[in-house]
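Note that this is a predicted model, so its numbers are computed, not measured.
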Amino acid sequence: MPPLPFALVIRTGNALRLAAVSPISAQQGLKPGMTLADARARCPDLATSPHDPAADAAELERLAALMMRFTPMVASEPPDGLILDITGCGHLFGGDEALARLAREDAGLRSRHAIAGHAAAARALARFGASETAEQTIGSLPVAALELPQAALAGLQRAGLVTLGDLACRPMAGLAARFGADAVTRLRAILGEVERPISPRSEAAPIRAGARFAEPVRHVDDALEVIETLLGAIARQMEDRQLGGRRFAVQLERGDGARRRLMVETSIPLRDPAPVMRLLRERIEHLADPIDPGFGFDAIALAVPRTEPLAAQQVGLDGEDPLQDDVAALIDRLATRLGPDAVRRLHPQDRHIPESAQRWLPATQRPPADWTDSPHPAPPLPRPALLLDPPERITTIAEVPDGPPQQFRWRGQAYRVRMAEGPERIAPEWWRSMDGHAGGSGIGFTRDYYRVEDSAGHRFWVFRHGQFGERSDLPETPPWYLHGLFA
């Protein structure tokens, strides 16, 4: 089956418009900016997906970091471009064209490239050139390469100015008076008459400190004192950047060339040397292979390969930190002593099924991105204090076809329902495997949840697994499950 035309859609005002189109869609006359209604009229089998500008920006940053292996001068050109200053770099890869070919292979994406004497010309050739051949000239590019507003481009075309060459042979003062100074500025940048410097991305300097000794350090305790001093220097670096460390790595170099590495991780970002030193001492005390200074350590290096934002905090009048987290300190000590996988905590994950909405991760691991952040969050619905996993089957007497239970039996005891609230409907995760099992991660039936209260005041969270007539393989009477208990 041939691939379907595909496009990304974004809402602009009250209309849905195409943000990007696949090559097959472009062949059928679709282009970015077209309304979705017009696109479907022209291409009824068009498949679409919401456009995610944030994901595009993150991918562009990833590609920019990848291109740093070819040149340290890499600049992002949102929404979908990169500019590489490859001056003096091409010979390292077999020439400029060979470098461009390797860059495309590393990106792993369909892309266009152009090589020119300055950034504005390369951008114009890559975006608006008819091909990627070296014979293409700046003068043959269409006036659209100026990337002016549509009204200005239409004015240029009405005046019979079709290419940049048509503009370049006319007085700049007249062009500025008729079409605006912006048109002339952009034209001169593409022609190389004015500088258009790029703003290359810069990698933050690594956070590290080190010490070398004229006389070897022969005792581990002395080495720890040096490490504490280095932690103070590291703390000042992190404070300047408003960062805190989550992973601290120490390297001890002996006089005979042997190296010993130690590493500790923390559950929250830190820059205070004291808790890090406690963790290091804990790690050293429980090493299966104790540290042997031999003839002494010639050098000690300390680095913080993993950091997170950490703003300055106000301490109390007694000098104590009111936000000090004793639980986090306990987690760090246990993880250091028992191993990071031995201490875990629950983190949310983007799942519709309640028992799958959390997962266990090591307590010192960086928490996932908070997918619950939203400019217009839905009001939270009540959730039980205790969730049963898997949900437990109950027998009910309920109103049909879609009413709440009037009474139910759970673990051999009968409960008469006095009040019920609902339903709250949770649809099946159709993109996952459909096994139809109530407790499985690939639930295949709709769930209708009710918050019910019995005659004694106990409150339960129950659901009907499936709707009448939802699927042919569903039992004639959908089963009921108890999923949670409210406090």
Side-chain angles (χ1 to χ4, degrees), residues 8 19-21 23 26 31-33 51-149 152-153 163-165 167-168 181-205:
L8 297 177
V21 299
K31 57 183 180 180
H51 181 219
D52 188 347
D56 283 357
E59 178 66 11
L60 192 61
E61 281 300 306
R62 185 191 71 83
L63 291 175
L66 193 65
M67 295 300 106
M68 295 284 285
R69 88 174 183 94
F70 299 106
T71 171
M73 303 286 286
V74 180
S76 299
E77 288 284 320
D80 55 5
L82 295 173
I83 290 183
L84 282 66
D85 186 344
I86 59 174
T87 304
C89 300
H91 70 281
L92 300 173
F93 302 92
D96 291 348
E97 286 295 339
L99 185 153
R101 184 179 66 255
L102 290 173
R104 294 179 64 172
E105 292 174 355
D106 279 8
L109 301 172
R110 180 171 179 174
S111 62
R112 292 171 57 90
H113 79 272
I115 299 175
H118 47 278
R123 173 189 171 98
L125 286 168
R127 290 181 180 273
F128 299 95
S131 66
E132 296 181 359
T133 59
E135 289 77 14
Q136 179 132 24
T137 62
I138 295 294
S140 65
L141 292 176
V143 292
L146 297 177
E147 300 185 68
L148 295 170
L153 291 176
T163 66
L164 297 188
L167 293 176
D182 196 26
V184 172
T185 300
R186 297 191 181 200
L187 174 63
R188 295 186 66 194
I190 294 176
L191 295 176
E193 296 177 1
V194 295
E195 290 292 332
R196 184 183 181 274
I198 66 173
S199 300
R201 71 191 306 271
S202 57
E203 294 286 347

J.: Ignoring hydrogens and angles, tell me if any N or O in the side chain of Thr163 forms a donor-acceptor pair with the backbone of Ser140 under 3.5 Å.
T.: no
J.: Is the number of heavy atoms from other residues, nucleotides or ligands within 6.0 Å of CD (Glu195) greater than 12?
T.: no
J.: Any heavy-atom pair between the side chains of Phe93 and Arg101 that's under 4.5 Å?
T.: no
J.: If you measure from CG on Leu8 to CG on Asp52, what distance do you get to the nearest 0.5 Å?
T.: 9.5 Å
J.: Donor-acceptor check, side chain of His113 to backbone of Ala126, threshold 3.5 angstrom: yes or no?
T.: no
J.: Are the side chain of Arg104 and the backbone of Ser111 linked by a donor-acceptor contact shorter than 3.5 Å?
T.: yes
J.: Working to the nearest 0.5 angstrom, can you tell me the gap between Thr87 OG1 and Asp96 CG?
T.: 8.5 Å
J.: For the residue pair Ala114 and Leu125, what are the closest heavy atoms and their distance?
T.: CB-CB, 3.5 Å
J.: For the residue pair Leu191 and Ala168, what are the closest heavy atoms and their distance?
T.: CD1-CB, 4.0 Å
J.: Can you name the nearest heavy-atom pair linking Ala144 to Leu153, along with the distance?
T.: CA-CD2, 4.0 Å
J.: Say you draw a straight line from CZ of Arg123 to CD1 of Ile198; how long is it, rounded to the nearest 0.5 Å?
T.: 12.5 Å
J.: Which atom pair, heavy atoms only, marks the closest approach of Arg110 to Pro23?
T.: NH1-CG, 3.2 Å
J.: Considering all heavy atoms of both residues, which atom of Leu60 and which atom of Pro79 are nearest to each other, and what is their separation?
T.: CD2-O, 4.0 Å
J.: Salt bridge between Arg112 and Asp80, side-chain N to carboxylate O under 4.0 Å?
T.: no
J.: For a quick test of reading the model, state the closest non-hydrogen atom pair linking Ala145 to Leu164 and the distance between them.
T.: CB-CD1, 4.3 Å
J.: Roughly how far apart are Met67 CE and Ile83 CD1, rounded to 0.5 Å?
T.: 14.0 Å
J.: Can you tell me how far apart CZ (Arg196) and NE2 (His118) are? Round to the nearest 0.5 Å.
T.: 10.0 Å
J.: Tell me, do Cys89 and Leu99 make a side-chain contact under 4.5 Å, heavy atoms counted?
T.: yes
J.: For the side chain of Arg201 and the backbone of Ser76, is there at least one donor-acceptor N/O pair under 3.5 Å apart?
T.: no
J.: Treating Arg186 as the side-chain partner and Leu146 as the backbone partner, does any N or O pair qualify as donor plus acceptor under 3.5 Å?
T.: yes
J.: How long is the span from the CG atom in Leu141 to the CG atom in Leu167, to the nearest 0.5 Å?
T.: 11.5 Å
